[in-house]
Amino acid sequence: MTVRITSAEGAPPPAGDNQHPAFELVALHKEFGGYAAVKRAHLRVRPGSFYGLVGPNGAGKTTLLSMAVGLQRPDEGRARVFGIDVWEEPERAKELMGVLPDGLAMPEQLTGRELLTYLGRLRGLDRDTVDARADELLAVLELTGDVERTLILDYSTGMRKKIGLATALLHGPRLLVLDEPFEAVDPVSAVVLKGILNRFVASGGSVVLSSHVMALVEQLCDTVAVMAKGQVVVEGPVAEVRGGKTLEETFVELVGHHTGGEKGLSWLSR
Amino acid sequence: MALALIQMKFAVLRRDLSGPRATWVFSGAVAGLAMAASTIAMATVDAPDLGTVRDLLAVLFALWTLGWMLGPVATGQPVLRAEQFALQPIPRRRLALGLLGAGFVAVTAVVSLVAFAALLVFGLRLGTVPALVSVPALLLQLTLAVLLSRLMGRLFGALARSRVGAVLGAVLTATMLVVASSGWIVFSALDAVLRTGFSPVFSTVVRALPSGWGAVAVEASARQDWLMTGLPLAGLVLLPAVLWVAWNRSLGPARWSRPTVRGSSADRAAPRGRASLSPTGAVYAKELRTYARDPQRLQSLIVPPVFAVLSALVPLAFGSTVFLPFMGALTALMGAATCANLYGQDGTALWLTLQTPGSERADVRGRQLAWIVVFAPLSLLLTAAGIAVAGQPDLNPWALTATFALLGGGAGMVPLVGIAQLTPGPDPRAAKNAAADHSDVAGQAFSMLFLALTTAVPALCVTLAGHLLHNPSLLWAGVPVGVVTGWVAYAMLGQAAHRNLRKRGPELLFLMRTGKQQQQPKPGQAGASFSKTLPVHRQCLLWISFLAGCIALFPQALVPTLMKLSGHVEPLWFLALHMRPEWQWPTVFLMYTIGVLAFTVAARIAFIAIKAARAA
Ligand SMILES: Nc1ncnc2c1ncn2[C@@H]1O[C@H](COP(=O)(O)OP(=O)(O)OP(=O)(O)O)[C@@H](O)[C@H]1O
Ligand SMILES: [Mg+2]
């Protein structure tokens with residue numbers, strides 16, 4: 001039932017330095033004990049694209065993205081980053097990616113700066129580069145000053161998202177895969193974050209993010225995919241997917257079969 | 001309400017008895033029932049003075065009760081916890097009752113009830129009235145044990161939240177472990193004890209402990225000494241009542257908050273030194289910081305040396321210094337056991353390693369390095385101190401060999417067991433206010449003890465050969481061999497570990513995220529055989545455990561038992577029979593333990609493989 005809106009197809013990819021898509025998911029499939037969380041889903045992200053993935057709770061976004069970046073083994077299907085298979089050549093593919101997964105732990109006993117230093121060295125970056133980047137990232141994300149010596153264990157939910165984003169950006173990836181990066185982030189930080197991501201895309205990087213905030217996707221992304229029940233139901237440029245209406249209305253139309261909310265929960269109305 | 005909690009516990013129990021943990025539960029139950037049977041057997045022994053049997057039972061009950069108190073340390077917090085119901089409007093009293101009742105719905109409680117039936121057997125042997133006295137007494141003793149266990153769980157939970165508390169908890173844990181594991185000393189001298197009874201001081205102490213009150217009451221009722229019947233029974237009612245109140249109060253809101261640990265300031269965040277520039281160095285620095293900041297890690301660090309020192313001091317009370325030189329080796333061994341679940345403790349933070357290309361090797365090597373740096377100085381220092389104090393030069397080659405071999409073996413096994421047998425627990429952030437809320441790591445720690453010991457066997461065999469052949473150079477050759485085998489274990493097991501991590505990384509992450517193994521549907525592999533689904537290293541482990549179990553259990557334990565019982569002793573290659581007489585029974589017992597553990601490990605591996613093969 002996939003409706004593919006493919007108008008941008010012929011257009012030359014912005015900053016397209018090679019012929020491969022930045023990110024290509026082919027028939028990724030995952031079952032949990034007989035329940036198909038992701039059903040042979042396809043995605044294709046052009047280089048230089050800002051790509052939004054939306055879908056109701058439990059649609060399979062997190063599962064799809066974890067399979068795509070190499071954190072969860074798919075039952076079937078492939079994932080490629082600039083033509084490099086994530087599961088066959090993980091080392092090369094992961095060099096190109098920066099990932100922010102949803103709801104996973106960090107080395108909790110480190111401070112933000114210690115974590116970035118640790119990861120930089122783990123990736124073999126030299127000392128001065130790591131220090132300079134960590135300085136800049138922490139300053140931009142407002143994780144310095146009073147919270148400098150706070151362990152990640154004691155970070156708030158939004159601070160966790162921010163330090164997670166910093167780890168994704170540290171090594172200068174060409175593709176960012178972010179699972180709900182704006183969740184629990186305060187409005188001021190969200191502006192900063194958007195600025196960072198926009199600049200990243202402007203300079204030729206590609207971003208894939210999942211979100212529940214339609215307005216945000218409309219504002220940021222050039223391409224959007226809607227997922228429901230494990231399948232990508234629509235994929236295409238934002239303007240075409242929403243087709244005159246707001247993205248929110250289109251989204252509700254596409255995935256929302258339930259009315260209700262007015263009726264039911266009778267015990268709550270006195 | 002209370003009933004609902006008990007029903008919930010029944011559901012958990014049913015799941016345990018049919019789930020993947022069933023092997024552990026069953027082997028634990030079998031071992032427990034064997035111990036319970038020996039407890040009952042002790043109630044039937046003949047002694048000139050019945051007071052001796054009473055004292056013996058008091059000792060055994062003390063050990064069982066101590067086991068209950070130690071339970072929460074090994075197995076984490078109970079499945080049903082007060083915090084889970086914090087938002088439900090349940091009166092605290094009912095919650096306390098329900099949670100306590102749930103504590104009785106456990107395999108351990110059934111096993112203990114069987115063991116405590118020793119009191120009934122003892123009572124029946126003495127007559128009708130003592131038998132009647134024994135029934136409430138044994139039920140009260142069990143209640144006492146369960147209550148103590150619950151309270152200790154709360155106490156450890158509270159302690160484990162701060163670093164100071166973690167150290168206190170570690171000392172407490174180590175002390176209880178030593179007392180519990182020193183219990184066998186009594187039984188190594190059982191013949192003498194039955195003839196002459198315990199020393200008056202010892203006898204008074206075990207009878208004064210609440211765990212001995214039931215035995216005291218039963219025996220006193222046989223002498224129609226009603227005062228000594230009534231007093232302990234009253235105590236057994238009163239003490240649980242007091243504990244009940246304490247238990248009730250402990251379920252209230254937490255009284256003090258978790259002290260916050262601070263990290264380093266901006267200019268000190270980057271570790272100095274050339275070593276920390278490499279990826280391995282980065283992991284090493286991260287690990288050292290974690291050892292210093294995480295109460296749980298600190299506990300892993302404190303338990304081993306305290307346990308080792310106390311274990312060496314207990315025999316000192318009997319004038320024996322033989323254990324002193326082995327303090328260091330024991331520290332290394334216990335260090336491996338307390339750090340058996342390093343990867344599990346870090347939870348889903350593993351994703352960063354998976355997402356960083358080629359970092360698996362650095363991750364494993366860095367952790368190994370940190371473990372060595374943390375435990376080697378301690379072990380070597382304790383070995384040196386022990387050797388100096390003990391003044392038993394003939395033990396020195398043994399102690400040095402064991403220390404070096406175990407340090408290397410431990411450093412090799414820590415990541416390997418940590419990865420191959422990862423026990424998922426709550427994510428560190430979820431558990432930050434309930435640090436004792438870890439997973440059940442007892443099984444993993446046991447297999448670690450066994451596997452780490454195995455790595456020391458080759459070097460110790462050289463020492464043994466030197467000893468048997470009276471060849472001093474061979475005797476001392478064990479030390480360099482220990483260094484070499486330690487190094488080999490460090491290098492090779494570490495390599496096996498990071499290969500395993502690379503191969504199974506996503507599966508491990510899944511395991512930690514969901515707490516269950518991922519079943520992998522592999523089309524065309526239906527009915528795949530055991531040897532196909534099982535990775536080579538697990539197969540090796542399976543056969544080694546099986547072989548070791550056979551050797552330990554039959555020729556090294558069963559045959560010497562028969563020989564000693566029949567009085568027809570031919571030492572041959574039976575280790576126990578080469579020991580000095582007073583060490584023969586403990587050695588036999590040790591062999592039984594090793595045998596059972598080895599079989600458990602083998603059975604567990606096989607069981608998982610069979611399940612995997614079925615699922616495929
Ligand atoms: N480990 C698992 N075992 C069983 N089912 C799972 C597992 N992980 C995910 N699922 C199921 O797969 C489906 C998709 O989950 P997923 O987390 O990918 O959804 P999502 O789109 O990210 O939702 P949300 O918007 O709420 O984050 C859900 O129905 C979930 O219950
Ligand atoms: Mg999600």
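By convention in this document, chain letters (A, B, ...) are assigned in the order of the sequence lines, proteins followed by strands, and residues within each chain are numbered from 1.
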Honestly, the part of B:L354 sitting under 4.5 Å from a heavy atom of chain A is both
To the nearest 0.5 Å, how far apart are CG in B:L352 and CG in A:L115?
-> 6.5 Å
Chain B neighbours within residues 99-109 of chain A, where any heavy atom lies under 4.5 Å away | A:V99, A:P101, A:G103, A:L104, A:A105, A:M106, A:P107, A:E108, A:Q109
Is there side-chain contact between A:R123 and B:P357, with heavy atoms separated by less than 4.5 Å?
-> yes
Nearest atoms (heavy-atom pairs only) where A:R73 meets B:K503 | NH2-O, 2.9 Å
Ranked by heavy-atom pairs below 4.5 Å to chain A, first place among B:T353, B:V283, B:L350 goes to B:V283
Look only at the side chain of A:E114 and the backbone of B:G263, and say whether a donor-acceptor pair between them is shorter than 3.5 Å.
-> no
Taking atom CG of A:D146 as the centre, report whether more than 12 heavy atoms of other residues, nucleotides or ligands fall under 6.0 Å from it.
-> no
Chain A contacts: which residues in residues 363-370 of chain B have a non-hydrogen atom closer than 4.5 Å to it?
-> B:D363
Highest number of heavy-atom pairs under 4.5 Å with chain B: which of A:L71, A:D131, A:V130, A:D135?
-> A:L71
Given a strict heavy-atom distance threshold of 4.5 Å, which part of A:L138 is in contact with chain B: side chain, backbone, both, or neither?
-> neither
Which distance, rounded to the nearest 0.5 Å, do you find between the OH of A:Y118 and the CD of B:E287?
-> 8.0 Å
Is there a side-chain contact between A:T150 and B:R262, using heavy atoms and a 4.5 Å cut-off?
-> yes
Considering non-hydrogen atoms only, spot the tightest contact between A:L151 and B:R293 and give its length.
-> CD2-NH1, 3.6 Å
Which atoms of A:T144 approach chain B - backbone, side chain, both or neither, heavy atom under 4.5 Å | neither
Count the heavy-atom pairs under 4.5 Å between each of A:T117, A:L122, A:T167 and chain B, then report the option with the highest count.
-> A:L122
side-chain hydrogen bond (donor to acceptor under 3.5 Å, both in side chains) partners for A:E148, two or more places apart = A:R113
Heavy-atom nearest pair, B:K286 first then A:L110, reads CG-CD1, 3.7 Å
Best-contacting candidate, A:R149, A:K94, A:E91, against chain B by heavy atom pairs under 4.5 angstrom = A:R149
Which bit of A:L116 is near chain B, if near means a heavy-atom gap under 4.5 Å: side chain, backbone, both or neither?
-> neither
Please examine the side chains of A:M97 and B:Q355, heavy atoms only from C-beta on, and report whether any two atoms are closer than 4.5 Å.
-> yes
List for me each residue that meets ring-ring contact (aromatic ring centres under 6.0 Å, His included) alongside B:W351, sequence neighbours excluded, and say none if there are none.
-> none
Which atoms of B:R502 approach chain A - backbone, side chain, both or neither, heavy atom under 4.5 Å | side chain
Check B:P506 against A:G70 and note the closest heavy-atom contact, atom names and distance.
-> CG-O, 4.0 Å
